[in-house]
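Just so we're on the same page: letters track the sequence lines, and every chain starts at 1. These values consider heavy atoms only, across backbone and side chains, with no hydrogens, waters or symmetry-generated copies.
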Amino acid sequence: MERTNEAVKDLLQSEALNREVIVKGWVRTRRGKKSVNFIALNDGSTIHNIQIVVEVDQFDEDLLKSVTTGAAIGVRGTLVASQGKGQHVEIQASEITLYGEANPNEYPLQKKGHSLEFLREIAHLRFRTNTFGAVTRLRHAMSFAIHKYFNDHRFYYLHTPIITGSDAEGAGEMFRVTTLNMENPPGRQNGGIDFSQDFFGKETNLTVSGQLEAELGAMALSKVYTFGPTFRAENSNTPRHLAEFWMVEPEMAFYDNDDNMDLAEDFTQYLVGYALENCYDDLEFLNNMYDNQLLDRLRFVVDNTYERITYTRAVEILEGADQKWEFPVEWGVDLQAEHEKYLVEQYFKKPVIVVDYPREIKAFYMKQNEDGQTVRAMDVLFPKIGEVIGGSQREEVYSKLNQRIEELGIPKEQLWWYLETRKYGTAPHSGFGLGFERLMLFISGLSNIRDVIPFPRTPNNAEF
RNA sequence: UCCUCAGUAGCUCAGUUGGUUAGAGCACCUGACUGUUAAUCAGGGGGUCGUCAGUUCGAGUCUGACCUGGGGAGCCA
């Protein structure tokens, strides 16, 4: 069969009827009657299937027997207005090509629903489900929208390294990158491993953040962003953590933390709005199947401004709350999941941005406030998923940054290049990191991060 | 890593106080039906009850360890 097939999505919207078409895809169901069969065919272009009508006596019996759930077929036929209810158009088949059968005694997917846990075990096939098709299309749309937003706002996409020689950010345990023989690595005289003999002549790891490098780009191109894989070797077993995830990190020269928050709010509202405008069918499916508040929640985020409060005010609210905390609240401690949930879901009932955290619980590079106690950090907290963005204004004054590095005992020799940006043409600047899969959790309404990335990498799991 | 819950047919699940041959729906096979919508109806095949050890006359059921998965927590995005 020639390669002139049309996408199911286009065929379903087509107004040119009574013409010959070719469609190719995977069978979802075949319903039988003695004289006529109905095949629901899906090619991934939309969550909807197209119905193929088959007059049984015009086709080989063995061929139709092989058209089972999961089989790949091509169909030539006439696109017509449907005689039945439930769809506008359908295809009267004149020719069916079987590309690949799917033995129904072995094929694990059925037309009935499967649990998300089971689908994780067959991640190589779960793309063929409605849920994962919807998530995959949404993930694509969000990736595209991220690039579009930044491009439209004169940001430049900066490719920061995957392999890094510095462990400076302290954002978590890192994965070692090495070509040394692990069974017999070269030793140093005073013990330990001699990494000078390793591929890069030094210890290297997978990146935990592209921020430090992004700052270098921002100090010339004004506005840049990264969007790439990020790795954390933490032994985190939760529905919100991955060992390999994708992070978006914009970095803007001449932005203070208020500008930073404005951007974070506008950016996330744009993404949610983009999903509502361009992926409504998929969102509607997820809303109906998994989370009937999803569409309302997405619309609410687009239509309402985020609440902005200081850390100090947040602590006051939590201390005054008529609620028992597992982790007691006092000024100076980091906010726990239960505290963030309370602020977002019960107190304000909308996304919340918390700013000006105590310096002791935040990273070394954050801009120090005049009070000597807080830094210009900002975390964006979303309902259901908690922290979706963490960011800050950066310390651009060399002496203050240098002092903070020394106070914390961070190996300065690894950061000489970062410090030089504060020596030559330093400028106020800000940025943030958005966990892409956390955003996907919010957009999709799903609750486990392993269901919004095609091939999740978690402790003890690198299958597929 | 800690706490907690679970693991029974290919999938989703039921299984009483420990007691004869472990059940249902879907899927699969056979048949019925002139357009179905997760089609329907009738019949049929399908099980090492997560693994190992223990208690008992007797274990899917009770105990322990381990494995796997879910939820919560920590770390964080």
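The shortest distance between the side-chain N/O atoms of A:Lys65 and the OP1/OP2 oxygens of B:U30 is below 4.0 Å. Not one side-chain nitrogen or oxygen of A:Arg30 sits closer than 4.0 Å to the OP1 or OP2 atom of B:A39. The side chain of A:Lys34 contributes an N or O atom lying less than 4.0 Å from OP1 or OP2 of B:C33. For the pair A:Gln110 and B:U12, the criterion of a side-chain N or O lying under 4.0 Å from OP1 or OP2 is not met. For the OP1/OP2 pair of B:A39 and a distance below 4.0 Å, the side-chain nitrogens and oxygens of A:Arg31 include at least one atom meeting the criterion. Close to B:C75, at under 4.0 Å from its OP1 or OP2, lies no side-chain N or O of A:Arg240.
Aromatic rings of A:Tyr255 and A:His429 (six-membered ring for Trp) have centroids beyond the 6.0 Å cut-off, not under it. For A:Phe455 and A:Phe464, the ring centers sit 6.0 Å or farther from each other. Between A:His159 and A:Tyr157, the distance from one ring center to the other falls under 6.0 angstrom.
Counting non-hydrogen atoms under 4.0 angstrom, A:Glu387 reaches the backbone sugars and phosphates but no base. Here A:Thr69 lies out of heavy-atom contact (under 4.0 Å) with every strand. Nucleic acid contact class of A:Ser115 (heavy atoms, under 4.0 Å, all strands): sugar-phosphate only. Nucleic acid contact class of A:Glu326 (heavy atoms, under 4.0 Å, all strands): none. A:Ala40 comes within 4.0 angstrom of nothing in the nucleic acid, heavy atoms only. Residue contacts for A:Asn235: at a heavy-atom cut-off of 4.0 Å it reaches a base atom on one of the strands shown. Among the heavy atoms of the strands, none lies under 4.0 Å from A:Leu439. Base contact: A:Phe245 has a heavy atom under 4.0 Å from a base atom. The residue A:Glu117 sits close only to the backbone: its heavy atoms come under 4.0 Å of sugar-phosphate atoms, none of a base. In this structure, A:Glu340 reaches neither bases nor backbone, as no heavy-atom distance under 4.0 Å exists between it and the strands shown. Within the 4.0 angstrom heavy-atom criterion, base atoms lie near A:Gln51. Counting any heavy atom pair closer than 4.0 Å across all strands shown, A:Phe327 reaches sugar-phosphate atoms only and no base atom. At the heavy-atom level, A:Arg28 lies nowhere under 4.0 Å from the strands shown. Nucleic acid contact for A:Gln92: base, since at least one base atom lies under 4.0 Å from a heavy atom of the residue.
Comparing B:U4 with B:G74, their C1' atoms sit 15 Å apart, to the nearest whole Å. On the P atoms, B:G15 is 13 Å away from B:U8, given to the nearest whole Å. Between B:C52 and B:U68, the two C1' atoms lie 15 Å apart (nearest whole Å). B:C66 and B:G25 have their P atoms separated by 39 Å, with the value rounded to a whole Å.
The base of B:U36 does not come close enough to the side chain of A:Gln83 for any donor and acceptor atom to sit less than 3.5 Å apart. Checked by distance alone, A:Glu106 brings no side-chain donor or acceptor within 3.5 Å of a matching partner on the base of B:G10. Residue side chain A:Asn37 does not reach the base of B:U36 through any donor-acceptor N/O pair under 3.5 Å, judged by distance alone. Between the base of B:C76 and the side chain of A:Ser236 there is no donor-acceptor pair shorter than 3.5 Å. Checked by distance alone, A:His241 brings a side-chain donor or acceptor within 3.5 Å of a matching partner on the base of B:C76.
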Derivation of the side-chain hydrogen bond (donor to acceptor under 3.5 Å, both in side chains) call for A:Tyr418 and A:Glu215: CA-CA 8 Å; A:Tyr418 183 70; A:Glu215 287 188 46; 2.7 Å; yes
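Counting heavy atoms of neighbouring residues, nucleotides and ligands inside a 6.0 Å radius, atom NE2 of A:His147 exceeds 12 of them.
The shortest side-chain heavy-atom distance between A:Leu138 and A:Ile443 falls under the 4.5 Å cut-off.
Judged purely by atom type and a 3.5 angstrom limit, A:Asp281 has no side-chain atom pairing as donor or acceptor with the backbone of A:Phe285.
When the nucleotides B:U36, B:U1, B:G71 are ranked by their closest atom to the side chain of A:Pro239, B:G71 comes out on top. Relative to the side chain of A:Glu234, the nucleotides B:C75, B:A73, B:U36 differ in distance, and B:C75 lies closest.
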